[in-house]
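Below is one structure, written out as structure tokens; the observations come after it.
Throughout, residue positions are numbered sequentially from 1 according to the sequence presented.
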Amino acid sequence: MVRHSPGVIPELKAVSLERQTPFGQVSFAWSYSNAKFKQELTLPVGTTATVHAPHSIEGRRLHSVVHVESSGERTMVWSNGGSSDFERLGLAGVVSTQHGVDEVQVTVGSGTYRLESEYRF
């Protein structure tokens with residue numbers, strides 16, 4: 001299991017890493033620009049990851065978290081305190097979402113994911 005809880009530093013625009021694990025290659029990258037926090041990850045079969053979207057960055061509050069599929073189709077994962085279409089998210093590999101004290105947590109299974117979090121004043 002991979003757990004990523006980024007402390008977004010606005011001056012640091014992007015971070016990425018790749019690591020070979022006993023299960024296979026794991027890759028993760030995030031970027032922050034124009035009030036959008038984008039996280040991309042690839043997980044090998046038999047693994048899960050929990051990614052975190054902070055509630056605020058640069059005085060902006062988290063407005064939504066969207067899963068963007070390779071086709072470009074967008075599925076709402078979380079918006080202003082509520083989750084979205086769980087059946088569709090399950091088919092896309094999203095295992096669960098949780099609204100924590102200072103973050104939204106999204107757990108995904110093996111596969112490739114792109115999560116985009118939007119922040120607003």
Side-chain angles (χ1 to χ4, degrees):
M1 179 164 111
V2 175
R3 182 181 188 278
H4 174 67
S5 183
V8 176
I9 302 168
E11 296 79 20
L12 184 62
K13 299 295 181 196
V15 173
S16 66
L17 70 91
E18 289 187 20
R19 172 148 294 166
Q20 184 64 35
T21 73
F23 294 95
Q25 187 77 14
V26 172
S27 66
F28 182 79
W30 68 257
S31 63
Y32 179 73
S33 167
N34 299 321
K36 289 201 179 193
F37 178 51
K38 298 177 181 180
Q39 300 179 74
E40 297 184 29
L41 67 151
T42 300
L43 302 170
V45 172
T47 62
T48 62
T50 301
V51 294
H52 302 246
H55 274 266
S56 65
I57 300 175
E58 294 186 306
R60 292 179 166 96
R61 299 284 300 159
L62 179 60
H63 176 70
S64 63
V65 179
V66 175
H67 174 260
V68 182
E69 298 182 38
S70 58
S71 66
E73 189 167 342
R74 302 168 70 81
T75 303
M76 185 67 65
V77 174
W78 181 92
S79 177
N80 292 326
S83 295
S84 190
D85 185 346
F86 288 111
E87 182 177 331
R88 186 167 163 196
L89 288 173
L91 294 173
V94 176
V95 176
S96 68
T97 61
Q98 285 189 276
H99 187 201
V101 174
D102 60 355
E103 64 193 5
V104 170
Q105 303 172 4
V106 180
T107 301
V108 296
S110 56
T112 298
Y113 301 89
R114 190 167 115 202
L115 299 172
E116 293 183 2
S117 302
E118 181 182 350
Y119 292 81
R120 296 182 182 174
F121 283 113

Correct closest heavy-atom pair for Leu43 and Ala49 would be CD1-CB, 3.5 Å
4.5 Å side-chain heavy-atom contact, Leu115 and Val106:
yes
Here the pair of heavy atoms bringing Phe28 nearest to Gln39 is CZ-OE1, 3.5 Å
Rounding to 0.5 Å, atoms OG (Ser70) and OH (Tyr113) come to a distance of 11.5 Å
Step-by-step side chain to side chain donor-acceptor pair (under 3.5 Å) determination, Glu58 to Tyr32
CA-CA 11 Å; Glu58 294 186 306; Tyr32 179 73; 3.2 Å; yes
Pairwise side-chain contact, Trp78 with Val104, heavy-atom cut-off 4.5 Å (strictly under)
yes
Looking at CG of Asn80 and CZ of Arg120, how far apart are the two atoms once the value is rounded to the nearest 0.5 Å?
8.0 Å
Less than 4.5 Å apart, any side-chain heavy atom of His99 and any of Thr97?
no
If you compare all heavy atoms of Phe121 against all heavy atoms of Arg60, which two are closest, and at what distance to 0.1 Å?
CE1-NH2, 3.4 Å
Heavy-atom closest contact (Pro54 atom, Leu62 atom, distance)
O-CB, 3.8 Å
Heavy atoms of Gly100 and His55 approach each other most closely as O-NE2, 3.3 Å
Using only heavy-atom distances, determine whether the side chains of Thr42 and Thr112 contain a donor-acceptor pair under 3.5 Å.
yes
Could you pull out all donor-acceptor pairs under 3.5 Å where a side-chain atom in residues 16-23 meets a protein atom, sequence neighbours excluded?
unit_1 : atom_1 : unit_2 : atom_2 : d
Glu18  : OE1    : Gln25  : NE2    : 3.1
Thr21  : OG1    : Phe23  : N      : 3.1
Thr21  : OG1    : Gly24  : N      : 3.2
Thr21  : OG1    : Gly24  : O      : 2.7

Return each pair, listed once, that meets salt bridge (Lys or Arg N to Asp or Glu O under 4.0 Å) where at least one residue sits in residues 22-50; pairs must be two or more places apart or across chains.
none
Co-membership, hydrophobic cluster, residues Val65 and Val95, 4.5 Å side-chain:
no
Search all heavy atoms of Arg74 against all heavy atoms of Val66 and return the closest pair with its distance.
CB-CG1, 3.6 Å
Do Val51 and Val108 make a side-chain contact, defined as non-hydrogen atoms from C-beta onward lying under 4.5 Å apart?
no
